[in-house]
Protein chains: 2
Amino acid sequence: MSEAHIERVFWAFRERIVDLKRDTRFRFILVFKNHGAAAGATLEHSHSQLIALPIVPDFVREELDGARRHFEAKERCVYCDIIRQEVESDRRIVQENADIVALSPYAPRFPFETWLLPRQHGARFEEAPRSVYESLARMLKSVLQRMNRALENPAYNLVIHSAPFSESHGDFYHWHVEVMPKLARMAGFEAGTGFYINPTSPEEATQVLRAVRL
Amino acid sequence: MSEAHIERVFWAFRERIVDLKRDTRFRFILVFKNHGAAAGATLEHSHSQLIALPIVPDFVREELDGARRHFEAKERCVYCDIIRQEVESDRRIVQENADIVALSPYAPRFPFETWLLPRQHGARFEEAPRSVYESLARMLKSVLQRMNRALENPAYNLVIHSAPFSESHGDFYHWHVEVMPKLARMAGFEAGTGFYINPTSPEEATQVLRAVRL
């Protein structure tokens with residue numbers, strides 16, 4: 001897809017979310033993409049999914065709670081802190097543009113897990129300025145091209161992380177996109193513990209992705 | 001493997017756990033088996049894994065907390081309650097023997113997820129009477145044969161759920177074995193929520209497994 005086309009897909013997500021928020025049954029909308037059979041895609045053609053839920057999922061609640069604890073301790077958004085520290089150290093930055101920073105998180109669950117964070121603080125994907133979707137589209141295309149070349153077109157999951165509707169998360173939560181190539185399988189250890197074994201350091205993943213010539 | 005051989009594998013788990021418990025660094029031991037590449041097995045030959053951890057994993061903590069809440073409310077072990085109710089209703093019982101009840105849990109995360117529960121209450125796998133390992137081996141062989149015939153030799157994960165070492169869980173926790181055939185893949189929805197979509201009801205799974213002629 002062209003960058004303009006990817007931008008229109010993000011805009012379609014936004015339009016659907018804005019409309020679905022008018023339905024008071026819903027508390028949270030999850031937007032995600034499974035690409036390739038190994039990542040659980042059940043359709044051959046490229047597609048994304050949007051699921052509106054009447055409750056806030058456990059994993060979302062845990063992430064919100066963690067961000068809230070950081071804010072209570074520091075009076076700063078943890079994601080803003082991550083962006084500032086990572087840009088300064090430059091050890092895990094895959095790529096930057098005017099609005100988006102793509103990085104390998106400090107403690108990735110999966111090899112080559114990559115986050116796309118908007119520089120401008122905001123709790124919800126659907127409230128971002130239109131120009132950010134354009135920057136996000138360009139960055140996503142670039143990150144996926146890097147993964148495709150470095151990792152030979154891996155299957156992947158992409159998840160938009162955004163705050164629930166009806167609660168106030170404006171100060172401490174910061175929407176972003178997580179891309180997880182499916183290089184290893186979840187197995188008994190992960191199922192039994194909730195812990196992840198990741199043999200690839202984020203610094204190594206960053207080096208590999210940065211080295212790709214686009 | 002013969003039933004006697006499987007029993008010796010369980011006994012080996014027990015012996016290793018009893019020995020490792022003498023190392024005061026460890027808080028929890030996870031025993032699990034990944035069978036087949038789709039379930040994350042990285043060796044061709046049949047094998048199990050035992051990992052001693054210096055902390056109690058999140059998922060174990062959540063299960064203990066749930067069992068503790070039930071005990072505080074009812075003054076009964078939730079697993080003893082499950083066994084009693086399920087045996088009485090007989091809608092989700094796959095098979096029973098003198099010591100072990102194999103059932104489809106009421107809210108399974110995965111199609112054909114099957115739990116093997118000892119009838120006799122006890123928090124820890126390694127503290128079970130020796131005769132229970134023999135019954136467990138017979139039941140596991142039978143359950144796996146049912147799955148192999150009904151589901152065409154599926155990949156699976158098996159996890160022993162047992163209480164941590166140094167805390168008192170004797171009243172409210174109840175060790176058991178969970179077997180999860182790998183028929184569907186975890187994808188973006190599960191990764192983004194911690195929720196599971198399972199298209200197979202436990203009653204349907206039970207009927208299919210029970211109908212297998214051994």
Side-chain angles (χ1 to χ4, degrees), chain A residues 27-43 47-63 66 109-110 113 155-162 164 176-197 199, chain B residues 27-43 47-63 66 109-110 113 155-162 164 176-197 199:
Chain A
R27 299 284 313 281
F28 184 76
I29 287 182
L30 182 74
V31 179
F32 62 98
K33 178 176 173 64
N34 303 329
H35 174 81
T42 47
L43 297 169
H47 64 289
S48 302
Q49 297 175 65
L50 182 155
I51 297 190
L53 294 165
I55 50 174
V56 178
D58 294 348
F59 283 6
V60 175
R61 179 71 61 200
E62 286 169 19
E63 193 167 287
R109 292 157 295 178
F110 307 104
E113 176 177 342
Y156 65 86
N157 300 116
L158 177 156
V159 180
I160 297 181
H161 287 235
S162 186
H176 59 284
V177 176
E178 300 190 3
V179 183
M180 292 152 289
K182 206 78 171 187
L183 304 170
R185 289 177 200 277
M186 303 270 288
F189 180 74
E190 290 78 8
T193 59
F195 294 166
Y196 296 87
I197 297 174
Chain B
R27 300 283 313 280
F28 184 76
I29 288 181
L30 183 74
V31 179
F32 62 98
K33 178 176 173 64
N34 303 329
H35 174 80
T42 46
L43 298 169
H47 65 290
S48 302
Q49 297 176 64
L50 183 155
I51 297 190
L53 294 165
I55 49 174
V56 178
D58 295 347
F59 284 6
V60 175
R61 180 71 60 201
E62 285 170 18
E63 193 167 286
R109 291 157 296 177
F110 307 105
E113 176 176 341
Y156 65 86
N157 301 115
L158 178 155
V159 179
I160 297 182
H161 288 235
S162 185
H176 60 283
V177 176
E178 300 190 3
V179 183
M180 290 152 291
K182 206 76 171 189
L183 303 171
R185 291 177 197 277
M186 304 268 290
F189 181 74
E190 291 78 10
T193 59
F195 293 165
Y196 296 87
I197 298 174

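Throughout, a chain's letter reflects where its sequence line sits, starting with A, and its residues are numbered from 1.
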Hey, are the side chains of B/Phe195 and A/Ile55 touching, using non-hydrogen atoms and a 4.5 Å cut-off? yes
Turns out that what part of B/Glu190 lies under 4.5 Å from chain A's heavy atoms comes down to backbone
Scored by heavy-atom pairs under 4.5 Å with chain A, the best of B/Ala41, B/Gly194, B/Gly188 is B/Gly188
In terms of heavy-atom pairs under 4.5 Å with chain A, the winner among B/Phe59, B/Phe28, B/Tyr156 is B/Phe59
Whatever's closer than 4.5 Å to a heavy atom in chain B on A/Leu53 counts as side chain
To the nearest 0.5 Å, atom CD1 of B/Ile51 lies from atom CZ of A/Phe189 at 5.0 Å
From the list A/Val56, A/Ile160, A/Asn34, the residue making the most non-hydrogen contacts under 4.5 Å with chain B is A/Asn34
If one checks every heavy atom of A/Lys182 against chain B at 4.5 Å, the contacting part turns out to be side chain
State, yes or no, whether a side-chain contact exists between A/Val60 and B/Thr193 at a heavy-atom distance under 4.5 Å.
no
